[in-house]
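In each ligand, atom 1 is the first atom listed, and ligand 1 is the first ligand listed.
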Amino acid sequence: MGKYFSFQELYELRNSIPMNVLIEKELDIPSKISEGFFRFLCPLCNEFQTAINPKTNLGRCFRCEKNFNTIDMVMAWHKTGFVNSVKYLQTILK
Ligand SMILES: [Zn+2]
């Protein structure tokens, strides 16, 4: 993957776009506040057994036992590959 994007670029894409903003405003993934926590529809299992860790900017599905960074989230929701998902995130940051 270093072939296309620098480590610095990828780091920025994973951390500069808050996960909840990406989910709500950009990807339009269904989400809700439940028990005081932001929950999003897991793109893999379609359940809301999820949470976001603002410190790491990762989304987690407790059912799939999977963490999503911003790039993973775009890949899972849009069903696009790594390169196209990174390019999509770059358009958001610009
Ligand atoms: Zn899931």
Side-chain angles (χ1 to χ4, degrees):
M1 64 189 194
K3 207 160 122 190
Y4 297 102
F5 308 106
S6 72
F7 175 83
Q8 185 59 39
E9 271 178 299
L10 295 176
Y11 180 87
E12 201 184 326
L13 290 174
R14 288 195 200 99
N15 294 282
S16 302
I17 307 162
M19 184 57 88
N20 62 323
V21 173
L22 177 71
I23 287 171
E24 275 191 292
K25 305 272 193 289
E26 300 294 341
L27 295 177
D28 243 342
I29 298 175
S31 60
K32 61 184 181 185
I33 303 288
S34 160
E35 295 159 20
F37 291 98
F38 181 91
R39 315 273 186 197
F40 59 93
L41 186 78
C42 173
L44 302 181
C45 69
N46 293 313
E47 297 284 343
F48 281 95
Q49 293 174 37
T50 54
I52 286 175
N53 184 338
K55 281 185 190 156
T56 56
N57 204 37
L58 293 174
R60 177 161 181 86
C61 175
F62 300 105
R63 200 156 175 264
C64 297
E65 298 187 338
K66 186 171 165 51
N67 287 322
F68 300 90
N69 64 38
T70 55
I71 299 167
D72 300 327
M73 194 62 82
V74 174
M75 288 174 72
W77 187 249
H78 281 170
K79 299 185 170 39
T80 47
F82 180 81
V83 172
N84 284 334
S85 301
V86 168
K87 285 180 179 167
Y88 171 83
L89 288 171
Q90 285 175 329
T91 64
I92 294 176
L93 268 190
K94 273 168 195 161

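Distance alone, capped at 3.5 Å, is enough to place a donor-acceptor pair between the Trp77 side chain and the Leu27 backbone. Checked by atom type and distance alone, the side chain of Thr50 pairs as donor or acceptor with a backbone atom of Phe40 at under 3.5 Å.
Closer than 2.8 Å to the Zn ion (ligand 1) sit the protein N, O or S atoms Cys42 SG, Cys45 SG, Cys61 SG, Cys64 SG.
Residue Ser16 comes nearest to Pro18 through the heavy atom pair O-CD, 3.5 Å, listed as atom of the first residue, atom of the second, then distance. Between Asn57 and Asn15, the shortest heavy-atom distance links the atoms ND2-CA, 4.0 Å.
Residue pairs meeting the salt bridge (Lys or Arg N to Asp or Glu O under 4.0 Å) criterion with at least one partner in residues 36-62, sequence neighbours excluded, are Glu35-Arg39.
Crowding of Phe62 atom CZ: a count of heavy atoms from other residues, nucleotides or ligands under 6.0 Å exceeding 12.
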